[in-house]
Amino acid sequence: MKLKLYSLIFAIIFTFSYSFKLFAQDAKTSEKAAEPDDEEISTEKPNGKRIRRHVNLIAGVEKDEELLIPDRPTILKGRTDFFDIKRIKGTDFFRITPKKVGNGIATINDKKTGQILVELRFDIRDDTIEKSMREIQSLLGDIEGIEFKIVNSKILIDGYAILPRDLIRISQVVANYGRDKVTTLVTLSPIARKKIAEYISRDVNNPEVSITAVGDYLKLEGQVNNKEEKDRITSIVELYMPDVVVDIAPETEHIKIMGRKSAGTISSMVINLITIKKDEDKVEPPPKMIQVVAHFVEFSDGYSKGFDFNFTPSLSAIGSTANRGPTSTLGETAQILNNLLPKLRWAKYHGFAKVLDTASILIQDGISGNIERKVDLAIGYRDGENGSKVAISQKAGVSLSLIPRIKSERSGLIQLEQLSVQVNDANENSSNETKIKTQISVRDRQSAAFGGLIKKQNSNSFGGPQDNKDAIITLRQGRNYARKNSQFVVFITPIIKSSASAGVDQVKKKFRLRE
C-alpha cells in the first residue's frame with residue numbers, strides 16, 4: 001500500500017515539473033518574437049579597429065579633442081574617476097574635463113554592442129608643476145646641453161654642463177624650489193674635457209709631449225730635457241683645469257662608494273707620466289715652424305648717372321641736292337622734315353666688386369720663404385694677318401716673401417723681416433701692379449693690415465649743342481655724373497706650429513685625400 005502511494009506522488013511531481021519547463025520555453029519564444037526588427041543585435045566585433053590617443057591634461061583645465069567616431073550612444077569605461085568626457089553637439093570634438101592628478105587608460109565603448117571605439121591614455125598633471133617648470137626654464141635656459149622633463153609629477157633636469165659654475169647655478173635653483181619638486185642629474189660634459197686638452201697641447205707646444213683626456217682626468221706623457229720644462233707644463237695644465245667637482249655617491253644600506261677625486265685638488269685630476277731625458281739622450285729641439293697667411297682684399301664700387309635731351313628737327317633733300325628744285329607741295333615738305341620727335345636718354349648704374357685672394361706658406365723660424373703665382377689672362381683680341389684674331393693677354397698674380405723670427409715664445413711675438421708683397425691685377429681696361437715692402441711684428445694667431453691703397457675718382461660733365469647745319473632749331477641738354485672708389489688692403493696672420501704636419505688632417509679632409 002505504501003509503495004503505491006510513493007509511486008503516485010512521484011508521478012505527480014514529474015508531470016508538474018515537465019509542464020512548467022514547457023511553459024517557460026513557450027514564454028521565452030514569444031518574448032523574442034515580440035521584439036521589433038530594428039533592434040537586431042549588431043554583428044560588429046567588440047575587439048575591432050579602434051582609435052588610440054595619448055593626451056596630456058592639466059587638472060581643472062578643459063581640453064577639446066577630435067575623435068572621428070559615429071554619432072551614437074557611448075559609454076566610458078576604465079579609470080573614469082579622473083576626468084569627464086562629453087561630445088560637443090553636431091561636431092566630432094569631445095570636451096575632456098580633468099578632475100584630479102593621475103594617469104591611466106580609459107576606453108569609449110559603443111553602448112549597445114560594447115565595441116571599443118577609442119582608447120585614451122591620459123596623463124593629468126598639476127598646474128603648479130607646469131608653472132614651476134616654465135620659471136626654471138627661464139632661469140636656466142641660457143645653459144647649453146641641459147633639458148627639462150616631468151617624471152611622476154616631479155621636474156627633472158638632465159644633460160651635460162660645460163662649466164662647473166653651471167652646476168653651481170643649477171644646484172642653487174633646485175635648492176630654491178626644493179628637492180621634493182625638482183631633481184637634477186646634470187654632470188660635466190666629457191667633450192669639454194677633450195677641448196681643454198687641445199688648448200693645453202697648443203699652449204705647451206712641445207711635439208714630444210702628448211696630453212689626452214681620459215674621463216674626468218688628464219694624462220700627460222712624453223719626455224723633456226730638464227725639470228724646468230716639466231714644471232712649466234704642469235703649471236700650464238693646472239692653469240687650464242676647471243674647478244674640481246666632487247660627486248657625492250648615493251648611499252645604500254650595505255654599500256658606500258668613495259670617489260677617486262674626493263681629495264678636491266687639481267693634482268688629483270692630472271696623471272703626470274712625463275719623464276726627464278738622460279744626458280746622453282738630450283737633443284736640441286728642432287726649430288719652430290711658422291705658417292704665414294696673407295689675405296689680399298680689393299674692394300671697389302662705382303656709381304654713374306646721366307641723362308641727355310635732344311631736339312634737332314632738320315631739313316633733308318629728296319634725291320640729289322644739286323638737282324633739287326623749289327618745292328611747292330605739302331607732301332614734299334612733310335617728307336624732308338627729320339627728327340620731329342625729341343629724344344631723351346637716361347641711365348643709372350651702381351656696381352661693386354670685391355676680390356679676395358689668400359696666400360699661405362709654412363716657413364722654418366729664421367729662414368727666408370717665398371711664394372709666387374703668375375697667370376696669363378686673355379683680356380681681348382686684335383686683328384691679325386689674313387683676317388685672323390690674335391689674343392691679347394696680360395700677366396696677373398701674387399708674390400709674397402719674408403723671413404719670420406720668433407722674438408718671444410711665451411708671448412707669441414713674431415717679427416716678420418723683409419716682408420715684400422707684389423700683386424698684379426689685370427682686367428679688360430688696364431693692368432695694375434702694387435708692391436709693398438716693410439718689416440713688422442705680430443703676435444701669434446693675430447692679424448695685421450700692414451699696407452693698402454685708397455683711390456677715389458669723380459667726374460661731372462655737361463653736354464653741349466651738336467654741330468648740325470641742317471637743323472632748323474636745336475634744343476639739347478645733358479649731364480653725366482660718375483663716381484668710383486677703390487680700396488686695396490693686405491692682411492697677414494702668423495701662426496706658430498709645433499711641427500710641419502700640424503693641421504694637415506684638415507687639409508686632407510677639405511680636398512678629400514686619403515692615405
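Keep in mind that this is a model prediction, so the values were computed, not measured.
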Visitor: Checking the side chain of R53 only, and the main-chain atoms of E66 only, is there a donor and an acceptor separated by less than 3.5 Å?
Guide: yes
Visitor: Can you name the residues that form a side chain to side chain donor-acceptor pair (under 3.5 Å) with N56, not counting sequence neighbours?
Guide: none
Visitor: Who are the ring pair (Phe, Tyr, Trp, His ring centres under 6.0 Å) partners of F94, not counting sequence neighbours?
Guide: none
Visitor: Just by modelled atom types, is the Y217 backbone N or O under 3.5 Å from a matching donor or acceptor in the R193 side chain?
Guide: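 Answer holds: no.
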Visitor: For S447 versus T493, what's the shortest heavy-atom pair and its separation?
Guide: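 S447 and T493 have their closest heavy atoms at OG-OG1, 2.5 Å.
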Visitor: Scan side-chain atoms only and decide if T183 and K154 contain a donor-acceptor pair under the 3.5 Å cut-off.
Guide: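 Result is yes, a qualifying pair exists.
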Visitor: Would you please test D92 and L67 for side-chain contact (heavy atoms from CB on, under 4.5 Å) and show each step?
Guide: CA-CA 6 Å; D92 290 329; L67 302 174; over 6 Å; no
Visitor: Is K149 paired with E147 through a side-chain N to carboxylate O contact shorter than 4.0 Å?
Guide: yes
Visitor: I'd like to know if the side chain of D365 and the backbone of K288 have a donor-acceptor N/O pair within less than 3.5 Å.
Guide: no
Visitor: At their closest point, which heavy atom of I155 faces which heavy atom of I136, and how far apart are they?
Guide: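 Minimum heavy-atom separation between I155 and I136: CD1-CD1, 4.0 Å.
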Visitor: Give a yes or no on this: more than 12 heavy atoms of other residues, nucleotides or ligands lie within 6.0 Å of atom NZ of K181.
Guide: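 No, the 6.0 Å shell around NZ holds no more than 12 heavy atoms from other groups.
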Visitor: Does atom CD of E221 have more than 12 heavy-atom neighbours from other groups under 6.0 Å away?
Guide: yes
Visitor: Distance only, no hydrogens: is a donor on one side chain within 3.5 Å (strictly under) of an acceptor on the other, for Y177 and E135?
Guide: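 Yes - a donor-acceptor pair under 3.5 Å links their side chains.
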Visitor: Side chains of residues 163-176: which donor-acceptor partners sit under 3.5 Å, not counting sequence neighbours?
Guide:
from	atom 1	to	atom 2	distance (Å)
R169	NH1	D142	OD1	3.3
R169	NH1	D142	OD2	3.0
R169	NH2	L139	O	2.7
R169	NH2	D142	OD1	3.3
S171	OG	L167	O	3.0

Visitor: Considering residues, nucleotides and ligands other than E144, do more than 12 of their heavy atoms fall under 6.0 Å from its CD?
Guide: no
Visitor: Tell me if the CZ atom of R121 is crowded by more than 12 foreign heavy atoms within 6.0 Å.
Guide: no
Visitor: Would one find more than 12 heavy atoms of other residues, nucleotides or ligands at under 6.0 Å from atom NZ of K437?
Guide: no
Visitor: I211 and K219: side-chain contact (heavy atoms from CB on, under 4.5 Å), yes or no, with the steps?
Guide: CA-CA 6 Å; I211 302 173; K219 184 177 66 172; over 6 Å; no
Visitor: Would you check if the side chain of K435 reaches a backbone N or O of S420 as a donor-acceptor pair within less than 3.5 Å?
Guide: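 No; zero donor-acceptor contacts below 3.5 Å.
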Visitor: Tell me whether F82 at atom CZ has more than 12 heavy atoms from other residues, nucleotides or ligands lying less than 6.0 Å away.
Guide: yes
Visitor: Please determine whether side-chain contact (heavy atoms from CB on, under 4.5 Å) holds for the pair I440 and I492, giving the CA-CA distance in whole Å, both sets of side-chain angles, and the decisive distance to 0.1 Å.
Guide: CA-CA 10 Å; I440 60 175; I492 195 162; 4.0 Å; yes
Visitor: Taking NZ, NE, NH1 and NH2 as the nitrogens, is one of them in R405 or E417 under 4.0 Å from a carboxylate oxygen of the other?
Guide: yes
Visitor: Taking the inter-plane angle between the rings of F83 and F122 on a 0 to 90° scale, is it parallel (under 30°), tilted (30 to 60°) or perpendicular (over 60°)?
Guide: perpendicular
Visitor: Side chains of Q291 and S360: donor-acceptor distance under 3.5 Å anywhere?
Guide: yes
Visitor: To the nearest 0.5 Å, what is the distance between CG (L185) and CD1 (I157)?
Guide: 9.0 Å
Visitor: Taking all heavy atoms of N206 and all of E229, pick out the closest pair and write down the distance.
Guide: ND2-OE2, 3.5 Å
